[in-house]
Amino acid sequence: MSASHDPAARAAQLRRELGHHNHRYYVLDDPDISDADYDALINELRALEAEHPDLRTSDSPTQRVGARALERFAPAEHRQPMLSLANATSEEELRAWVQRSERVLTKQAQHGDPSGPTLRGQDARTSFVTEPKVDGLAISLLYEDGVLVRGATRGDGEVGEDVTQNLRTIKAVPLRVEGAPDLLEVRGEAYLPRAAFARLNEERVAAGEAPFANPRNSAAGSIRQLDPRVTAGRPLSMWAYSVGALEGLSFATQTESLDWLREHGFKVNGDIARHDELEQVVAACRWWEERRESLDYEIDGVVVKVDDLDLQRRLGVVGREPRGAIAWKFPPMTATTVLERVMWNVGRTGHMVPFAELAAVQVSGVTVKLATLHNEEDLKRKDVREGEEVIVTRAGDVIPRVVSPTAKALRRRQRGPVPAPPAQCPACGTDTIKPEDGVWTICPNRASCPGQRFQAVKHFVSRGAMDIEGLGEERALAFLEGGLIASTADIYELTQETLTGLEGFGELSARNLVESIERSKGQSFHRVLYGLGIPGIGFVNARALTRHLRTMDALLAASPEEIEQTPGIGPILARTIAATLSEEATRELIERLRGHDLQMVDDGPDPRAGQGPLHGKTLVLTGTLPELTREDATERIEAAGGKVTGSVSKKTDYVVAGEEAGTKLAKAEQLGTEVLDEAGLLALLDG
DNA sequence: CGGCCTCGAGTTCC
DNA sequence: CTCGAGGCCG
């Protein structure tokens, strides 16, 4: 067999052979030739393609390493939205989901839908498929006539990023699918095997580079590399788990589609199983959880799907979540480590806030060194001591939290003292006090404690208050320490001249900051009031007060009794608010801000005037909406007479669910609260 | 009195 | 997002 005879035929043969070897090696994990022999084949093909550029095809194995770097990724619109999944965190929720699915199907069947679901006996019953929920990056692969034409990330579910060049470098991604229908979209999870991740990190450390925090992050980061050669250097793999858009072929069940994918060169997890009974589903979830640590890939749960694809479609979509599938999430991971020290911070209102310094430990994929201890009472209740072992978790899988001492720590005969709040404020050294009836030890130096002032400035510039872009935590601290500002009002006296030349400031950034400070003067009165940081006036109460009393002058002149007339404000809050407002320091701050033309009058709609379409309705927002920001949505709901609260209860009329809706959506389902997506909300707003 | 709500605070990733 | 404390309201 000589290349000189017929280059085209030889090239085709090499491609076929290399495709076979790639599949054996990367998908089946069972190579049948040596690496050297493989290299010889690919080099021969490269040489051939270099000599005859017209022989180079986009599905050639040599094209797995893209040639040039991109400037940024093009948007890639999904043929079918890539939805997120509802979560079940307990067996009960999983059972509830199964029962609910079957109930919905039964109801549809009873309504005599002629093409209704298959019934077995009285109730609609179906089989379920359990699949590992791999912690990686969801991707979509689009094949036209069997050739990979586009690979995309999930993005917002509607539009992702075109990362075709990078996905081509993944050996488990077939570039060509023999016997594929006209159009085929395969969905899967790109991930970095644990062993490969460990190796990669060793190499990075050896090369003096920072190691990656966890396989998930490095997989996501690798795929979003602009230069595909970097991606090619990362040993990524991919599990295929479903078929999206499809033309020229159809599947009756999830199982059938997975079998097809497996037979056509995709890597499909071999432990995916089908079950007829709920008990088997639960058992499978437990089985995965037990094996979790021993797998070569990270999983954070199990996806349970209704096997019958027609039934899946019938179950429909609520919010952004298909009802035909659910993610059974493993309980948040905990870890054991040593509580090295209990430290204290000063909160905005002067509270001493304890936090834990921990011996660094991995908790569900990230390194944790600090964790909240909440407050003094909580600290006492938890019964932890410095130098002892504690259990750490991540609340909502995000915020590190000390749960309790370990059993071992509790068994110690001689335990250290219960950590006590400091006698002096850690920020200003003033003697702390603990009011008789209070839970918190406080720093009484409200006016000039640098800790409290920092918190006050941080709060004032924050997103919910004046939202001053370019003035974050770090700069606020630098300005305070540099003596540039002493209070929030001083922010409005910063000029381009004072800023230019300061550490980190050029002419441009100085101008930008001055501009955004100027812009913040347009923020509405309720934001200003909230920004003052008066105890008891959070975002909601600020809104209520400005609505009710309309102007700063009216508020300053109001007696506690008058303030109490505001909906949501009772006698206790009214008294403390009036007291704080009458303090000299508060008055002075307000007058200075007024001097800088901040809004002191509510120009919003008078709630008594309009009766909007949402009048008297309570809504809860959860997840990320496709278009509206949370603030926009809140504003529009309120303009329509509705109220937005933070948690779902019996009083909630609607839950508006977006991307990655959390527990609130689950709660809504449980209570039977009506769930809307953004379009549904907009429709309501229009009446 | 009990349910519901708001406030205030923390932290890590990108 | 999540939690505890505690105020508000029916």
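Residue numbers begin at 1 in each chain, while the letters A, B, ... track the order of the sequences.
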- Note on the structure: All heavy atoms of A:V346 vs all of A:C443, minimum pair found to be CG1-CB, 4.5 Å

- Query: Rounded to whole angstroms, how far apart are CG on A:L619 and P on B:dC4?
  - Reply: 17 Å

- Query: Only one of A:V342, A:T337, A:L373, A:V368 clears side chain to side chain contact (heavy atoms under 4.5 Å, CB included) with A:V402; which?
  - Reply: A:L373

- Side chain proximity check, A:P419 to A:L379, heavy atoms < 4.5 angstrom: yes

- Item | Selection from B:dT6, C:dC8, B:dT11 that lies nearest to any side-chain heavy atom of A:V540 | B:dT6

- May I have the distance from A:H459 (atom NE2) to B:dG8 (atom P), rounded to whole angstrom? 7 Å

- Query: Starting at CD1 of A:I577 and ending at C1' of C:dG6, how long is that distance when rounded to a whole Å?
  - Reply: 14 Å

- Query: Between A:H459 and A:Y530, how do the two ring planes meet: parallel, tilted or perpendicular, split at 30° and 60°?
  - Reply: perpendicular

- Message: Less than 4.0 angstrom between a side-chain N/O of A:R348 and OP1 or OP2 of B:dA9, yes or no?
- Response: yes

- Query: So which nucleotide from C:dC3, C:dG7, B:dG8 ends up closest to the side chain of A:R401?
  - Reply: C:dC3

- Task: Would you mind reading off the distance between A:L370 atom CG and B:dA9 atom P, rounded to a whole angstrom?
- Result: 18 Å

- Note on the structure: Among the nucleotides B:dT11, B:dA9, C:dA5, whichever has the atom closest to the side chain of A:T349 is B:dA9

- To the nearest Å, how far apart are A:M352 CE and B:dA9 P? 11 Å

- Rounded to whole angstroms, how far apart are CD on A:Q455 and P on B:dG10? 6 Å

- How many Å lie between CG on A:L532 and P on B:dC7, as a whole number? 14 Å

- Gap between atoms CD1 and C1', on A:I569 and C:dC9 respectively (whole Å): 13 Å

- Item | Short side-chain N/O contact from A:N541 to OP1 or OP2 of B:dC7, under 4.0 Å | yes

- Task: Return no unless some side-chain N or O of A:T566 is found under 4.0 Å from OP1 or OP2 of C:dC8.
- Result: no

- Query: Among B:dT12, C:dG7, B:dA9, which is the nearest nucleotide to the side chain of A:P400?
  - Reply: B:dT12

- Item | Nucleotide nearest A:L573 when distance is taken to its side chain, options B:dT11, C:dA5, C:dG7 | C:dG7

- Query: Closest to the A:F355 side chain: B:dT11, B:dA9, C:dC8?
  - Reply: B:dT11

- Pick base, sugar-phosphate or nothing for A:L373, based on heavy-atom distances below 4.0 Å to the nucleic acid. nothing

- Item | Side chain proximity check, A:I590 to A:L581, heavy atoms < 4.5 angstrom | yes

